[in-house]
Amino acid sequence: MNSKLKKILIADDEVDILEIVQYNLAKEGYDVHTAKDGLEAYEKAQKIQPDLIILDIMMPRKTGIEVCQQLRILPEFQKTFILFLTALSDEQTHLKGFEMGADDYIRKPISPKILVSRVNALFRNVHKHTDKKIHIKNIVIDPNRFVVIVDGIEKILAKKEFTLLYLLASNPGHVCLRNEILSKIWGSDIIVGDRTIDVHVRKIRQKLGIDCIKTVKGVGYKFEL
């Protein structure tokens with residue numbers, strides 16, 4: 001990974017957090033930009049087209065969730081990583097963020113080491129797959145472009161959604177346990193559990209327009225047409 005090619009936008013209304021995050025990510029070699037509220041984050045994101053956006057949830061003018069929702073409907077932000085910074089611990093807030101298109105959460109108070117590790121892991125996982133396309137009946141899953149083609153029509157998934165689909169489709173018919181999915185897709189430092197997977201599976205089904213992921217009740221999921 002060449003982090004110097006990666007552009008990051010961090011938005012938080014707490015100046016000390018902006019400075020800490022900017023310093024540590026810049027030291028790692030990333031091109032870091034900042035915004036002090038949600039509206040500035042929304043406008044600056046469209047100007048600089050970052051690879052990753054880190055949003056505080058509770059910000060003036062626009063909340064982080066509002067910014068995420070409004071960016072995700074734009075085609076150019078379908079593949080952008082979006083992380084939330086949050087001190088909130090209630091599951092409903094986290095699930096709402098995932099529904100709006102967030103890829104992950106980072107807890108406050110921020111540990112610079114954990115933050116840098118999570119950001120590095122996100123970009124590293126983009127290149128984790130081989131360039132092998134998966135062809136199953138009328139579906140093509142292309143890890144080079146992060147697109148899924150269904151009946152000749154391209155479908156765009158958020159990166160976590162794509163990674164989950166690729167994991168399941170890599171071994172069709174095999175049941176992936178929930179703990180296995182959480183470990184491979186989100187890693188060990190996650191905030192929410194099983195319902196996070198449920199949200200992502202539902203969004204994959206909606207975006208593809210086909211029920212290619214089957215629920216094995218109480219166990220996990222499998223890819224099956």
Exercise for the section: Could you pull out the closest heavy-atom pair between V140 and K133, with the gap in Å? Expected result: CG1-CD, 4.3 Å
Practice task
Indicate, with yes or no, if L167 and I213 share a hydrophobic cluster defined by side-chain heavy-atom contacts under 4.5 Å among Ile, Leu, Val, Met, Phe, Trp and Tyr.
Solution key: yes
Practice task
Taking D37 for its side chain and E40 for its backbone only, find out whether a donor-acceptor pair lies under 3.5 Å.
Solution key: yes
Practice task
Consider only side-chain heavy atoms of I, L, V, M, F, W and Y, link residues closer than 4.5 Å, and tell whether I82 and L74 are in one cluster.
Solution key: yes
Fill in the blank from the handout: Smallest heavy-atom separation, K7 atom then I48 atom, equals NZ-O, 3.0 Å
Problem - Any donor-acceptor N/O pair, K44 side chain to T34 backbone, under 3.5 Å - result: yes
Exercise for the section: Supply the atom-to-atom distance Q22 CD to I8 CD1, rounded to the nearest 0.5 angstrom. Expected result: 10.5 Å
Practice task
Kindly say whether D16 contributes a backbone atom to a donor-acceptor pair with the side chain of E19 at under 3.5 angstrom?
Solution key: no
Practice task
Return the orientation label for the F84 and Y105 ring planes: parallel under 30°, perpendicular over 60°, tilted otherwise.
Solution key: tilted
Handout entry: Option from N24, N120, D51 for which side-chain hydrogen bond (donor to acceptor under 3.5 Å, both in side chains) with Y30 holds
Key = N120
Exercise for the section: Would you indicate whether the side-chain heavy atoms of F77 and P50 approach each other to under 4.5 Å? Expected result: yes
Exercise for the section: Tell me whether L208 is reachable from I149 by hopping between hydrophobic residues (I, L, V, M, F, W, Y) whose side-chain heavy atoms are closer than 4.5 Å. Expected result: no
Handout entry: Closest heavy-atom pair and its distance - L55, A41
Key = CD2-CB, 4.1 Å
Handout entry: I210 and I139, any side-chain heavy atoms less than 4.5 Å apart
Key = yes
Exercise for the section: Determine the minimum heavy-atom distance between M58 and D13, stating which atoms define it. Expected result: O-OD1, 3.6 Å
Problem - Salt-bridge contact K47-E43 (side-chain N to carboxylate O under 4.0 Å) - result: no
Practice task
State, yes or no, whether a side-chain contact exists between I10 and V32 at a heavy-atom distance under 4.5 Å.
Solution key: yes
Practice task
Assess whether atom NZ of K36 is packed by more than 12 heavy atoms of other residues, nucleotides or ligands within 6.0 Å.
Solution key: no
Exercise for the section: Spell out, as yes or no, whether a donor-acceptor pair under 3.5 Å connects the side chain of K160 to the backbone of L157. Expected result: no
Exercise for the section: Determine the minimum heavy-atom distance between K137 and L225, stating which atoms define it. Expected result: NZ-O, 3.6 Å
Exercise for the section: Might you work through the side chain to side chain contact (heavy atoms under 4.5 Å, CB included) test for V21 and L115, ending with a clear yes or no? Expected result: CA-CA 8 Å; V21 174; L115 173 68; 3.7 Å; yes
Problem - Sub-4.5 Å side-chain heavy-atom contact between T163 and Y166 - result: no
Exercise for the section: To the nearest 0.5 angstrom, please state how far the CD1 atom of I54 sits from the CD1 atom of I17. Expected result: 11.5 Å
Problem - Side chain K222, main chain L168, donor-acceptor under 3.5 Å - result: no
Practice task
Give the intermediate values and the outcome of side chain to side chain contact (heavy atoms under 4.5 Å, CB included) for residues V148 and D142.
Solution key: CA-CA 6 Å; V148 182; D142 185 349; over 6 Å; no
Fill in the blank from the handout: Heavy-atom nearest pair, I141 first then A169, reads CD1-CB, 3.4 Å
Problem - Short side-chain to backbone donor-acceptor contact, E66 and T63, under 3.5 Å - result: yes
Problem - Check ion pair K108-E14 (N to O, under 4.0 angstrom) - result: yes
Handout entry: Residues in side-chain contact (heavy atoms from CB on, under 4.5 Å) contact with S117, at least two apart in sequence or another chain
Key = none
Problem - Spatial distance of atom CZ (F162) from atom CD1 (I185) [nearest 0.5 Å] - result: 11.0 Å
Practice task
Identify whether the distance between the nearest side-chain nitrogen and carboxylate oxygen of D104 and R118 falls below 4.0 Å.
Solution key: yes
Fill in the blank from the handout: dist I204:CD1 -> K155:NZ (nearest 0.5 Å) comes out at 14.0 Å
Handout entry: Value rounded to 0.5 Å, distance of CD1 in I136 from SG in C212
Key = 8.5 Å
Practice task
Indicate if Y221 and V199 have the same hydrophobic cluster label, given that clusters are the connected sets of ILVMFWY residues with side-chain heavy-atom separations under 4.5 angstrom.
Solution key: yes
Practice task
Give a yes or no on whether the backbone of V150 and the side-chain of N138 come within a donor-acceptor separation of less than 3.5 Å.
Solution key: no
Practice task
Please examine the side chains of V219 and L177, heavy atoms only from C-beta on, and report whether any two atoms are closer than 4.5 Å.
Solution key: yes
Handout entry: R72/D103 salt bridge by N-O under 4.0 Å criterion
Key = yes
Handout entry: Single hit among K217, R178, K203 for salt bridge (Lys or Arg N to Asp or Glu O under 4.0 Å) with D198
Key = R178
Handout entry: Point-to-point distance, once rounded to the nearest 0.5 Å, from OG1 of T80 to CD1 of I53
Key = 5.5 Å
Practice task
Just do the side chain to side chain contact (heavy atoms under 4.5 Å, CB included) check on F223 and L165 with the steps written out, would you?
Solution key: CA-CA 8 Å; F223 185 94; L165 177 65; 3.8 Å; yes
Exercise for the section: Decide yes or no for K79 and V147: does some side-chain heavy atom of the first lie under 4.5 Å from some side-chain heavy atom of the second? Expected result: yes
Problem - Cluster check V216, I181: I/L/V/M/F/W/Y, side chain < 4.5 angstrom - result: no
Practice task
For the pair K184 and L164, evaluate side chain to side chain contact (heavy atoms under 4.5 Å, CB included) and give the outcome as yes or no after the intermediate values.
Solution key: CA-CA 9 Å; K184 289 183 177 179; L164 174 56; over 6 Å; no
